Amino acid sequence: MSGNERATLRNRKIGFVFQSYNLLPKTTAVENVELPLLYNSTVGRAERRARAERALRDVGLQDRMNHRSNQMSGGQQQRVAIARALVNDPVIILADEATGNLDTRTSFEILTLFQRLNAMGRTIIFVTHNPEIALYSSRTITLRDGRIIEDRINTDVASAAETLAAMPPEE
């Protein structure tokens with residue numbers, strides 16, 4: 001594949017959630033989420049906006065769509081980054097510490113979303129230092145110093161939705 005073909009494949013088939021967000025600071029949440037779609041000539045302006053708004057609703061940010069990055073908390077910025085990764089409906093999502101900056105409830109909302117996407121056939125590669133998060137995955141690969149020390153299939157995957165439902169209501 002040429003460099004352009006590889007870039008198109010990455011843009012349309014892989015969603016990236018970066019630990020450091022990588023949001024454009026002077027743009028709104030919806031504009032940040034639209035960004036990957038700007039490189040997809042098959043998606044028109046109206047559809048681009050609709051997809052970005054849907055992705056932001058999926059991560060619970062419907063009320064922050066027109067806020068700029070510097071007007072949002074770290075957790076909100078992380079959810080914008082997750083929405084941006086989902087907007088192209090990728091088959092693979094690479095998530096680096098995607099819940100690392102989120103409160104517990106929001107973390108489980110995102111895990112619920114990722115489990116739902118996985119059930120729909122998406123592959124989620126979730127990097128975390130939190131062993132509790134691994135309970136919600138179907139396979140856990142543990143690395144130490146760049147080497148695989150354990151690779152196991154989780155036969156009894158915990159349900160993030162059930163854990164979320166069991167949490168006390170927010171005040």
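Here the structure is a predicted model, which means the values were calculated and not measured.
- A pairwise comparison of heavy atoms in M1 and R6 identifies O-NH1, 2.8 Å as the closest pair.
- E150 CD: more than 12 foreign heavy atoms inside a 6.0 Å radius.
- The side-chain heavy atoms of R84 and P36, taken from C-beta on, include a pair separated by under 4.5 Å.
- Scanning all heavy atoms of the two residues, the minimum distance from Q77 to Y21 falls at OE1-CD1, 3.4 Å.
- Using modelled atom types, one finds no donor on one side chain facing an acceptor on the other under 3.5 Å when comparing N118 with R116.
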(message) Walk me through whether D145 and R147 qualify under side-chain contact (heavy atoms from CB on, under 4.5 Å).
(response) CA-CA 6 Å; D145 298 326; R147 298 190 188 281; 5.6 Å; no

(request) Carefully, step by step, assess I82 and I110 under the rule side-chain contact (heavy atoms from CB on, under 4.5 Å). (result) CA-CA 9 Å; I82 292 167; I110 296 305; 3.7 Å; yes

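- With 3.5 Å as the limit, one finds no donor-acceptor pair spanning the side chains of T104 and S107.
- In the hydrophobic clustering of this structure, V127 does not group with I124; members are Ile, Leu, Val, Met, Phe, Trp, Tyr whose side-chain heavy atoms approach within less than 4.5 Å, directly or through other members.
- In plain terms, the two heavy atoms of V33 and A55 that are nearest each other are CG1-CB, 4.1 Å.
- Here CD of E53 is found 12.0 Å from CG of D58. Values are rounded to the nearest 0.5 Å.
- Across L37 and R48, no two heavy atoms sit closer than the pair CB-CG, 3.5 Å.
- One N or O on the side chain of R64 and one on the backbone of Q71 form a donor-acceptor pair closer than 3.5 Å.
- Other residues, nucleotides and ligands place more than 12 heavy atoms under 6.0 Å from the CZ atom of R105.
- A 4.5 Å side-chain heavy-atom check between L86 and L117 finds at least one atom pair inside the cut-off.
- Side chain to side chain, E109 and T112 fail the donor-acceptor criterion of an N or O pair below 3.5 Å.
- Residues M167 and L113 share a single hydrophobic cluster, defined by chaining ILVMFWY side chains whose heavy atoms lie under 4.5 Å apart.
- Looking only at side-chain heavy atoms (C-beta outward), M72 and V80 come within less than 4.5 Å of each other.
- Checking N32 against T27 by side-chain atom types alone, a donor-acceptor pair falls below 3.5 Å.
- Here the CD atom belonging to E34 is positioned 11.5 Å from the CD atom belonging to E47, to the nearest 0.5 angstrom.
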Contacts table for residues 12-20: side-chain donor-acceptor under 3.5 angstrom, sequence neighbours left out:
unit_1, atom_1, unit_2, atom_2, d
R12, NE, N40, OD1, 3.4
R12, NH2, N40, OD1, 3.2
S20, OG, N22, OD1, 3.4

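- Between atom CG of residue L102 and atom OG of residue S73 there is a gap of 8.5 Å, rounded to the nearest 0.5 Å.
- When all heavy atoms are compared, the tightest approach of T99 to Q78 is N-NE2, 4.4 Å.
- Looking at L56 and Q62, their side chains never come closer than 4.5 Å, going by heavy atoms from C-beta outward.
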Side-chain donor-acceptor pairs of residues 87-97 under 3.5 Å, sequence neighbours excluded:
unit_1, atom_1, unit_2, atom_2, d
N88, ND2, N11, O, 2.7
N88, ND2, N11, OD1, 3.3
D89, OD1, R122, NE, 3.3
D89, OD1, R122, NH2, 2.3
D89, OD2, R122, NH2, 3.2
E97, OE2, H129, N, 3.0
E97, OE2, H129, ND1, 2.4

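- A distance of 6.0 Å or more separates the ring centres of F114 and Y136.
- L35 and L23 fall into different hydrophobic clusters, where Ile, Leu, Val, Met, Phe, Trp and Tyr side chains are chained together by heavy-atom contacts under 4.5 Å.
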(message) Would T28 and H67 count as a side-chain contact (heavy atoms from CB on, under 4.5 Å) here? Give the steps.
(response) CA-CA 5 Å; T28 64; H67 287 75; over 6 Å; no

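- Under the 3.5 Å distance criterion, the side-chain polar atoms of S137 are left unmatched by any main-chain donor or acceptor of I133.
- In this structure, CD1 in I141 is found 11.0 Å from CZ in R152, a value given to the nearest 0.5 Å.
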(request) Walk me through it: do V157 and Q115 pass the test side-chain contact (heavy atoms from CB on, under 4.5 Å)? (result) CA-CA 10 Å; V157 178; Q115 283 186 333; 3.8 Å; yes

